[in-house]
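This report refers to the structure that appears directly beneath it.
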Amino acid sequence: MNYLTSSFYHQDAVIVAKELLGALLIHKIGDTVVAGYIVETEAYCSDDAACHAYKGRKTLRNATLFGPVAHAYVYVSYGIHFCINIVSRHPSIIAGGVLIRALQPVYGIEFMQKMRNTTQLKNLTSGPGKLTQALGITLQHNGTDLLNNSGLFLAQGIEIAESDIIASPRIGISQAKEHLWRFYVKGNPFVSK
DNA sequence: CACCCGATTATCT
DNA sequence: GATAATCGGGTGT
């Protein structure tokens, strides 16, 4: 198992978002390993009006985005879902992260089916709120160091060819829609929508 | 398949 | 009071 190392996260979030495609997001809960290949991401930068860090470090919620890279930024979406970002930014930038939007289930599929209350593979991890529920990721993981053997981490997975990466506008935002900072694996059935 | 809407809370106006 | 990096269930075509 090859873990992604610190230097990987010290790059522009847009680069990290692209390069995270194909990586394994892993959550170990006791003896259970729950994991999937990342097949859809979105980049958010501090000079980007759609980013939670855009207005500065004002509230407790977005503090993690300003903290060390390779930590998990988890927030509550629409009051009821959790979404996970990987804190990553170029050293010249004050804050930034990559939203994980979809996974292809690999390990712990039975666990995911219990958590999601469905056996339908396509519905387990095909969206940012779905995949956190499937992997058992909650607000308590906000600020978790992904390099520190915490049970939540990233590892090298499968290689995605450049020609199989599609860039498109980010989903669900009302500002800075012009940036093509959503990336997904062409033709992968687990991409959201 | 398309739209519409309710759930539920941190944050902003 | 409104909006938001969402989801699932409802209704209609």
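These numbers come from a predicted model, not from an experiment. All values below come from the heavy atoms of this structure, side chains included, with hydrogens, waters and symmetry mates left out.
Within 4.0 Å of Leu99(A), counting heavy atoms only, lies at least one base atom of the nucleic acid. Arg61(A) comes within 4.0 angstrom of the backbone, heavy atoms only, and of no base. The residue Gly129(A) sits close only to the backbone: its heavy atoms come under 4.0 Å of sugar-phosphate atoms, none of a base. Backbone-only contact: Ile171(A) has heavy atoms under 4.0 Å from sugar-phosphate atoms and none from a base.
Looking at Ser126(A), its side chain does come within 3.5 Å of a backbone N or O of Lys122(A) through a donor-acceptor pair. Checked by atom type and distance alone, the side chain of Glu42(A) never pairs as donor or acceptor with a backbone atom of Phe183(A) at under 3.5 Å.
Between dT11(B), dA4(C), dG8(C), one nucleotide has an atom nearer to the side chain of Asn123(A) than all others, and that is dG8(C). Side chain of Leu65(A), nearest nucleotide from dA7(B), dA5(C), dC7(C): dA5(C). Of the listed nucleotides (dA4(C), dA5(C), dC7(C)), dA5(C) has the atom at the smallest distance from the side chain of Tyr73(A).
dC5(B) and dA2(C) have their P atoms separated by 15 Å, given to the nearest Å. As rounded to the nearest Å, dG10(C) and dT8(B) have P atoms that lie 16 Å from one another.
Taking 4.0 angstrom as the limit, Arg182(A) places none of its side-chain polar atoms (N or O) nearer than this to OP1 or OP2 of dA5(C). Look at Ser77(A) and you won't find any side-chain N or O under 4.0 angstrom from OP1 or OP2 of dA5(C). Remark: Lys55(A) is not in phosphate contact with dA10(B), judged by side-chain N or O atoms under 4.0 Å from OP1 or OP2. Regarding contacts with the backbone of dG8(C), a side-chain N or O of Lys130(A) is found under 4.0 angstrom from either OP1 or OP2. Look at Arg116(A) and you won't find any side-chain N or O under 4.0 angstrom from OP1 or OP2 of dC7(C). Residue Ser192(A) has no polar side-chain atom (N or O) positioned under 4.0 Å from OP1 or OP2 of dT6(C).
In this structure, the CG atom of Asn62(A) is 8 Å from the P atom of dT11(B), given to the nearest Å. Rounding to whole angstrom units, CG of residue Asn117(A) and P of dG9(C) are separated by 9 Å. What separates CG of Leu60(A) from C1' of dA10(B) is a distance of 11 Å, to the nearest Å. dT8(B) atom P lies 16 Å from atom CG of Leu139(A), rounded to whole Å. For the pair Arg170(A) CZ and dT6(C) C1', the interatomic distance rounds to 17 Å; values are reported in whole Å. Atom CD of Gln175(A) is separated from atom C1' of dT11(B) by 13 Å (rounded to the nearest Å). We find that OH of Tyr78(A) is positioned 5 Å from P of dT6(C), with the value rounded to whole Å. Per the geometry, CD1 belonging to Ile84(A) stands 16 Å off C1' belonging to dT6(C), to the nearest Å.
Atom OH of Tyr107(A) sits in a sparse spot, with 12 or fewer heavy atoms from other residues, nucleotides or ligands closer than 6.0 Å. Within 6.0 Å of the CD1 atom in Ile94(A), the count of heavy atoms belonging to other residues, nucleotides or ligands does not exceed 12. Crowding of Glu159(A) atom CD: a count of heavy atoms from other residues, nucleotides or ligands under 6.0 Å not exceeding 12.
Judged by distance alone with a 3.5 Å cut-off, a donor-acceptor contact links the side chain of Tyr75(A) to the base of dA5(C).
In this entry dT3(C) has dA10(B) as its Watson-Crick or G-U wobble partner, both defining distances falling under 3.5 Å.
Two rings, from His52(A) and Tyr75(A), have their centers less than 6.0 Å apart.
Nearer the 5' end of DNA chain C, as judged by each residue's closest nucleotide, is the contact made by Ala50(A), out of Gln133(A) and Ala50(A).
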